[in-house]
Amino acid sequence: MKAVGYQKSLPIEAAESLVDFEIAKPEPKGRDIRVAVKAISANPVDYKVRKRAAPTDGSYKILGFDAAGVVDAVGPDVSLFKPGDEVFYAGSIQRQGTNSEFHLVDERIVGNKPASLSFAQAAALPLTSITAWELLFDRLGAVPGKSLDPRTLLITGGAGGVGSILIQLARRLTGLTVVATATRPESAKWCLDLGAHAVIDHSQPMKEQIEKLKLPPVGLVASLTFTEQHYKSIADFIAPQGKFGLIDDPAEFNVAVFKGKAVSVHWESMFTRSSFQTPDMIAQHHLLNDVADLIDKGVLRTTLDQTFGTINAANLKRAHALLESGKSRGKIVLEGW
């Protein structure tokens, strides 16, 4: 089968940073299903892994987590899917990735593809939907249901992949007031179109902008990017007994700035369940099915922004370069071989 991978961690401009190659088609065992991959999307975690994790034995590492495709074969213990089913999912960080024609994934982290979406549209959703859902409901403890919630949720980096689905989840499924941050006019418009009540500029002092809006107190914060640059200023205006959630990798982070207000700090990693085979690992199967249902009912929409062509090394290099620039919006998808 065709695949895209690398043998050495190199800058994306390097010729060998990502290469096309062929490898044997994997065989499913246990609860694994084999998926014929129709579309994939690129995420910041792809380039972060590329930069820091290289094979030591001369083999190829295949990146990619998001995928949408068709079940091709199933392991002997599979009960949730059968060949021919259309699925979407974000794979495990412990295994080879989705940048390959066929891919093995544990059925417990796979959902049924939204019927109303194309494979490309569906591939944009899994990793960011899981991250946003777990962050909002499992970590920050937001309450699903449209009853009024007298708090504001601040989402830093609202136009990115996770922000784009988190804005929708918070606005459509909770009674929270939703404020996103963005620095460019097109990104601000994107956030408003997705449902944010207001957008502020995180390159300017945020406290003054928040105060001018005269909104409910900022009780919840989803820090999605550049946490080390913003968390101290956020500590100055987050409400007492608030909750601060983050998903990125701050070089410096001192939780003591939140102590006086008894603000709790919550990390979110959507790979935790699959990496540690937690007893509730199947929650991601149910979560993705819930997202698919909400998509098909018109409550949520895909966050696909750009399609970069077929799945190959050249196009994936373009995707990595744009993600590394920090100027991407929504999701980048590649489709077909």
> Which residues satisfy the side-chain hydrogen bond (donor to acceptor under 3.5 Å, both in side chains) test with T183, sequence neighbours excluded?
Replying inline: none

> Above 12 or not: heavy atoms from other molecules or residues under 6.0 Å from CD of Q241?
Replying inline: no

> Taking only residues two or more places apart in sequence or in another chain, which ones pass ring-ring contact (aromatic ring centres under 6.0 Å, His included) with H202?
Replying inline: H230

>> Do E134 and S269 make a side-chain contact, defined as non-hydrogen atoms from C-beta onward lying under 4.5 Å apart?
In response: no

>> I'd like to know if I93 and L323 are part of one continuous hydrophobic network [Ile/Leu/Val/Met/Phe/Trp/Tyr, side-chain heavy atoms within less than 4.5 Å].
In response: yes

>> Going by the rule ring-ring contact (aromatic ring centres under 6.0 Å, His included), which residues pair with H197 if we only count those two or more places apart in sequence or in a different chain?
In response: none

Which atom pairs, one a donor and one an acceptor, fall under 3.5 Å between side chains of residues 53-64 and the rest of the protein, sequence neighbours left out?
| from | atom 1 | to | atom 2 | distance (Å) |
| --- | --- | --- | --- | --- |
| D57 | OD1 | S59 | N | 3.1 |
| D57 | OD1 | S59 | OG | 2.6 |

>> Using side-chain contact (heavy atoms from CB on, under 4.5 Å), reason through V70 and E86 one step at a time and then give a plain yes or no.
In response: CA-CA 5 Å; V70 178; E86 296 184 352; 4.3 Å; yes

>> salt bridge (Lys or Arg N to Asp or Glu O under 4.0 Å), that's the test. Do R95 and D106 meet it? Break it down for me.
In response: CA-CA 10 Å; R95 308 180 70 175; D106 190 299; 5.7 Å; no

> Who pairs with T225 by side-chain hydrogen bond (donor to acceptor under 3.5 Å, both in side chains), at least two apart in sequence or on another chain?
Replying inline: none

>> Applying side-chain hydrogen bond (donor to acceptor under 3.5 Å, both in side chains), can you list everything that pairs with K327, at least two apart in sequence or on another chain?
In response: none

>> Testing Q284, Q277, H286, H285 one by one against R108 for a side chain to side chain donor-acceptor pair (under 3.5 Å), which residue passes?
In response: Q277

> Members other than I200 in its cluster, when Ile, Leu, Val, Met, Phe, Trp, Tyr link by side-chain heavy atoms under 4.5 Å?
Replying inline: L154, V179, M206, I210, L213, L215, V218, V221, Y231, I234, F237, I238, F244, L246, F253, V255, V257, F258, V263, V265, W267

> Between A239 and G219, which heavy-atom pair has the shortest distance, and what is it?
Replying inline: CB-CA, 4.2 Å

> Does the side-chain contact (heavy atoms from CB on, under 4.5 Å) test come out yes or no for K243 and S264, once each step is laid out?
Replying inline: CA-CA 5 Å; K243 296 183 178 183; S264 55; 3.3 Å; yes

>> I'd like to know if the side chain of K113 reaches the main chain of L117, judged simply by a donor and an acceptor atom lying under 3.5 Å from each other, with no hydrogens or angles considered.
In response: yes

>> Show every side chain to side chain donor-acceptor pair (under 3.5 Å) that has at least one partner inside residues 16-27, sequence neighbours left out.
In response: E27-R34

> Going through the distances and angles, do L136 and L153 end up as a side-chain contact (heavy atoms from CB on, under 4.5 Å)?
Replying inline: CA-CA 9 Å; L136 182 62; L153 165 68; 4.0 Å; yes

>> Tell me every residue that passes ring-ring contact (aromatic ring centres under 6.0 Å, His included) with W133, counting only those two or more places apart in sequence or in another chain.
In response: F137

> Under 4.0 Å between a Lys/Arg side-chain N and an Asp/Glu carboxylate O for D85 and K82?
Replying inline: yes

>> I'd like to know if L304 and F65 are part of one continuous hydrophobic network [Ile/Leu/Val/Met/Phe/Trp/Tyr, side-chain heavy atoms within less than 4.5 Å].
In response: no

> Would you find more than 12 non-hydrogen atoms of other residues, nucleotides or ligands less than 6.0 Å from K38 atom NZ?
Replying inline: no

> Hey, quick one: are F226 and L135 part of the same hydrophobic cluster, counting side-chain heavy atoms closer than 4.5 Å, chains of contacts allowed?
Replying inline: no

> Do the non-hydrogen side-chain atoms of I109 and L288 ever get within less than 4.5 Å of each other?
Replying inline: no

>> Does any part of the side chain of K51, heavy atoms only, come nearer than 4.5 Å to the side chain of H320, both counted from C-beta?
In response: no

>> Is it the case that the side chain of D72 and the backbone of A36 share a donor-acceptor pair, with hydrogens and angles ignored and the cut-off at 3.5 Å?
In response: no

> Residues in salt bridge (charged side-chain N to carboxylate O under 4.0 Å, His left out) with D138, at least two apart?
Replying inline: R273

>> Going by salt bridge (charged side-chain N to carboxylate O under 4.0 Å, His left out), name the pairs with one or both residues in residues 219-230, residues two or more places apart or in two chains.
In response: none

> Which pair of non-hydrogen atoms, one from R301 and one from I165, has the smallest distance, and what is that distance?
Replying inline: O-CD1, 4.4 Å

> Given the rule in the salt bridge (Lys or Arg N to Asp or Glu O under 4.0 Å) test, do E101 and K2 qualify, once you have shown the distances and angles that lead to the verdict?
Replying inline: CA-CA 6 Å; E101 279 190 283; K2 295 178 182 177; 5.6 Å; no

>> Is the shortest side-chain heavy-atom distance between V105 and I33 below 4.5 Å?
In response: yes

>> Which residues pass the side-chain hydrogen bond (donor to acceptor under 3.5 Å, both in side chains) test with T278, not counting sequence neighbours?
In response: D280

